[in-house]
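Counting starts at 1 for both ligands and their atoms, in listed order.
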Amino acid sequence: MEKVIVVGAGLSGATIARLLAESGKDVIVVDKRENIGGNIYDYYDKNGILVQAYGPHVFHTNDEEVFEFLSKFTEWNEYKHKVVARVRKDKYVPVPFNLTSLYSLFPLSKALCIEEALKTEVGEGNQIPILELRKSENPLLREFADFVYKYIFYIYTMKQWGCKPEQLGQTIMGRVPVKVSNDDGYFSDKYQVMPQKGFTQLISNILRHPRIKLKLKTDLKKEIALKDGQIYFGGRVLDGTLIYTGCVDELFDYKYGVLPYRSLKFKFQTLKQSSFQPASVVNYTTSASYTRITEFTKFTCKPKDSTVIVKEYAVNHKKGRNIPYYPVTTGRNKVDYDKYEQEAKNYKNLYLLGRLGTYRYLNMDQAVKNAINLFAKIEGEEFDMSTIPALKKKD
Ligand code: FAD
Ligand code: UDP
């Protein structure tokens with residue numbers, strides 16, 4: 001039986017492992033961490049609070065197939081994510097910046113004129129990326145856009161990425177548009193939900209299959225070598241498939257240079273109070289060295305005597321020293337990635353997947369979708385979701 005090795009027990013690795021196991025393949029999933037889930041790993045602390053170890057994660061998607069797949073492994077709680085920016089002491093406004101934010105920060109008469117101009121230029125109920133709004137021909141809207149840029153985007157982005165918003169471009173900045181409505185949701189997808197028992201339980205359910213073997217605390221890079229179109233595993237040519245969701249530059253020993261990533265530092269605190277801040281996530285867009293504070297009790301909606309918060313600090317990634325979280329896909333970096341992607345094509349049994357393997361800023365639903373698409377590529381046919389039995393209540 002042909003062997004499949006999946007490197008990474010995050011959402012991408014778990015999804016492809018399960019799909020291949022369902023179609024009769026024996027799959028070994030390897031992760032160097034001591035836990036499954038990659039960056040969506042969460043755990044219950046001693047007070048029964050579900051804490052996300054690698055920062056705030058909220059599931060959202062418009063993709064029916066992705067939602068159907070994940071719903072085989074978890075029940076969901078509806079959760080509409082709301083974020084506020086702390087623009088000055090005791091002044092919190094919704095992000096994405098919307099009409100509520102506008103009226104909260106501008107004198108009424110000016111806010112009315114800006115609203116009018118936004119409705120004419122962008123359209124009521126529509127949204128626009130900040131970098132586009134700054135190019136408006138209307139001086140009032142340009143002034144407004146400069147204000148939002150300064151108070152919401154500039155400092156936060158400098159902290160998060162170490163560069164200005166315009167250096168990042170539309171794909172990243174467009175994730176958080178300016179909205180011409182009072183809609184205060186962070187996302188606009190059809191499904192906005194949290195797994196009832198957490199993301200780790202979801203991944204555990206995905207990986208629970210007789211054909212899947214899991215090996216944690218194992219760095220596969222130390223056991224494989226890639227040379228002249230052959231993958232060597234444990235010193236022998238691998239008779240099987242390797243699916244790699246780790247860093248592609250590391251896989252190829254940095255032969256085309258180091259691909260930059262942003263890393264994060266998290267400072268967790270348990271506080272003896274039932275509530276710390278006005279929303280589950282507060283972005284510090286004008287001050288502080290951290291980018292945001294997340295309060296986990298606000299995800300579960302069950303007030304407790306204590307609460308857990310995490311302050312998030314963005315730092316450069318240093319290989320081997322911290323975790324690469326965000327690929328920095330600006331400038332030459334994408335060109336360098338393409339060389340690695342091209343190199344990978346020399347290995348007919350190697351597939352790159354996931355946020356690190358494909359060097360893309362993927363949301364969870366896109367990670368699952370890419371795994372579903374990879375299955376079709378490997379197997380030459382679409383995966384039939386109906387073959388996975390429905391969730392059992394005890395899961
Ligand atoms: P990862 O989770 O990074 O998994 C890769 C795994 O591979 C890791 O466990 C790693 O240890 C392992 N690995 C790497 N190299 C090796 C090796 N050599 N040997 C063995 N194992 C190896 N998405 C959303 O949809 N909503 C959100 O709210 C959201 N919030 C986010 C917040 C933060 C702070 C971050 C960083 C991301 C967020 N995301 C969010 C994105 C989400 O985390 C990713 O889409 C998802 O985790 C990608 O999963 P993955 O399996 O591709 O990668
Ligand atoms: N951003 C910002 N201010 C905010 C929220 C977001 O400047 O209050 C910018 C920042 O550059 C960030 C990007 O928009 O990296 C995308 O934000 P998102 O919330 O999608 O980032 P993530 O949750 O993935 O870290």
Q: Geometry only, no angles: is T285 polar-contacting ligand 2 at N/O separations under 3.5 Å?
A: no
Q: L264: heavy atom below 4.0 Å from ligand 1, yes or no?
A: yes
Q: So if I count the atoms of ligand 2 from 1 in the order they appear, which ones are less than 4.0 Å from some heavy atom of N283?
A: 4 (C), 5 (C), 8 (O)
Q: Check the orientation of F67 and W76. Use parallel for under 30°, tilted for 30 to 60°, and perpendicular for over 60°.
A: parallel
Q: Is K319 close to Y254 at the side-chain level, that is, under 4.5 Å between some pair of heavy atoms?
A: yes
Q: Identify the protein heavy atom lying closest to atom 11 (O) of ligand 2, giving its residue, its atom name and the separation to 0.1 Å.
A: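 Going by distance alone, atom 11 (O) of ligand 2 is nearest to T157 OG1, 2.9 Å.
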Q: Decide salt bridge (Lys or Arg N to Asp or Glu O under 4.0 Å) for E22 and K72; before the verdict, give the C-alpha distance in whole Å, the side-chain angles of both, and the deciding distance to 0.1 Å.
A: CA-CA 13 Å; E22 288 288 336; K72 303 271 187 182; over 6 Å; no
Q: Aromatic rings F299 and H81: how do their planes relate, parallel, tilted or perpendicular, breaks at 30° and 60°?
A: tilted
Q: Please work out whether any backbone atom (N, CA, C, O) or any side-chain heavy atom from C-beta onward of Y154 is under 4.0 Å from ligand 2, and answer side chain, backbone, both or neither.
A: neither
Q: At what distance is the nearest protein heavy atom to atom 17 (O) of ligand 2, and which residue and atom is it?
A: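 It is V176 CG2, 3.5 Å.
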Q: When you measure from the heavy atoms of Y244 to every atom of ligand 1, does any distance fall below 4.0 Å?
A: yes
Q: Looking only at heavy atoms of T218, does any of them come nearer than 4.0 Å to an atom of ligand 1?
A: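 Yes; T218 lies near enough to ligand 1 that a heavy-atom distance drops under 4.0 Å.
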Q: When you measure from the heavy atoms of R292 to every atom of ligand 1, does any distance fall below 4.0 Å?
A: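 Yes, R292 has heavy atoms under 4.0 Å from ligand 1.
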Q: Around atom 18 (P) of ligand 2, find the nearest protein heavy atom and jot down its residue, atom name and distance.
A: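 The closest one turns out to be Y186 OH, 3.6 Å.
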Q: Tell me which protein heavy atom sits closest to atom 31 (C) of ligand 1, plus the residue, atom name and distance to 0.1 Å.
A: H57 NE2, 3.2 Å
Q: Is F59 close enough to touch ligand 1? Criterion: a residue heavy atom under 4.0 Å from a ligand atom.
A: no
Q: Could you tell me how the ring of Y340 sits relative to the ring of F252: parallel (under 30°), tilted (30 to 60°) or perpendicular (over 60°)?
A: parallel
Q: Would you give the length of the straight line joining atom NZ of K197 to atom OG1 of T74, rounded to the nearest 0.5 angstrom?
A: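 So the NZ of K197 and the OG1 of T74 are separated by 8.0 Å.
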Q: What residue and heavy atom of the protein are closest to atom 1 (N) of ligand 2, and at what distance?
A: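 Checked against all protein heavy atoms, atom 1 (N) of ligand 2 sits closest to Y156 CD2, 3.6 Å.
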Q: Hey, which of N39, D219, T218 is the one that makes side-chain hydrogen bond (donor to acceptor under 3.5 Å, both in side chains) with R33?
A: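 Looking at N39, D219, T218, the match for R33 under the side-chain hydrogen bond (donor to acceptor under 3.5 Å, both in side chains) is N39.
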Q: Look at the rings of F296 and F268 and say which category their plane angle falls in: under 30° parallel, 30 to 60° tilted, over 60° perpendicular.
A: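 Correct class here is parallel.
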Q: For atom 15 (O) of ligand 2, what is the closest protein heavy atom, and at what distance to 0.1 Å?
A: W161 NE1, 2.8 Å
Q: When you measure from atom 25 (O) of ligand 2 to every protein heavy atom, which one gives the shortest distance, and what is it?
A: Y326 OH, 2.6 Å
Q: Taking distance alone, with no angle check, do F153 and ligand 2 share an N/O pair under 3.5 Å?
A: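 Such a contact does occur with ligand 2.
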Q: List the closest protein heavy-atom neighbour of atom 14 (C) of ligand 1: residue, atom name, distance to the nearest 0.1 Å.
A: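 Going by distance alone, atom 14 (C) of ligand 1 is nearest to G246 CA, 3.5 Å.
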Q: For ligand 2, does R292 get within less than 4.0 Å through its side chain, its backbone, both, or neither, judged by non-hydrogen atoms?
A: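 Just the side chain.
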Q: Side chains of D338 and Q342 only: does a donor on one sit below 3.5 Å from an acceptor on the other?
A: no
Q: Looking only at protein heavy atoms, which one is nearest to atom 12 (C) of ligand 1, and how far off is it?
A: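 In this structure, atom 12 (C) of ligand 1 has D31 OD2, 3.3 Å as its nearest protein heavy atom.
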Q: Could you identify the single nearest non-hydrogen protein atom to atom 20 (O) of ligand 2 and state the distance to 0.1 Å?
A: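 Going atom by atom, the protein heavy atom closest to atom 20 (O) of ligand 2 ends up being R175 NE, 2.7 Å.
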Q: Do the ring planes of F375 and F383 sit parallel (below 30°), tilted (30 to 60°) or perpendicular (above 60°)?
A: perpendicular
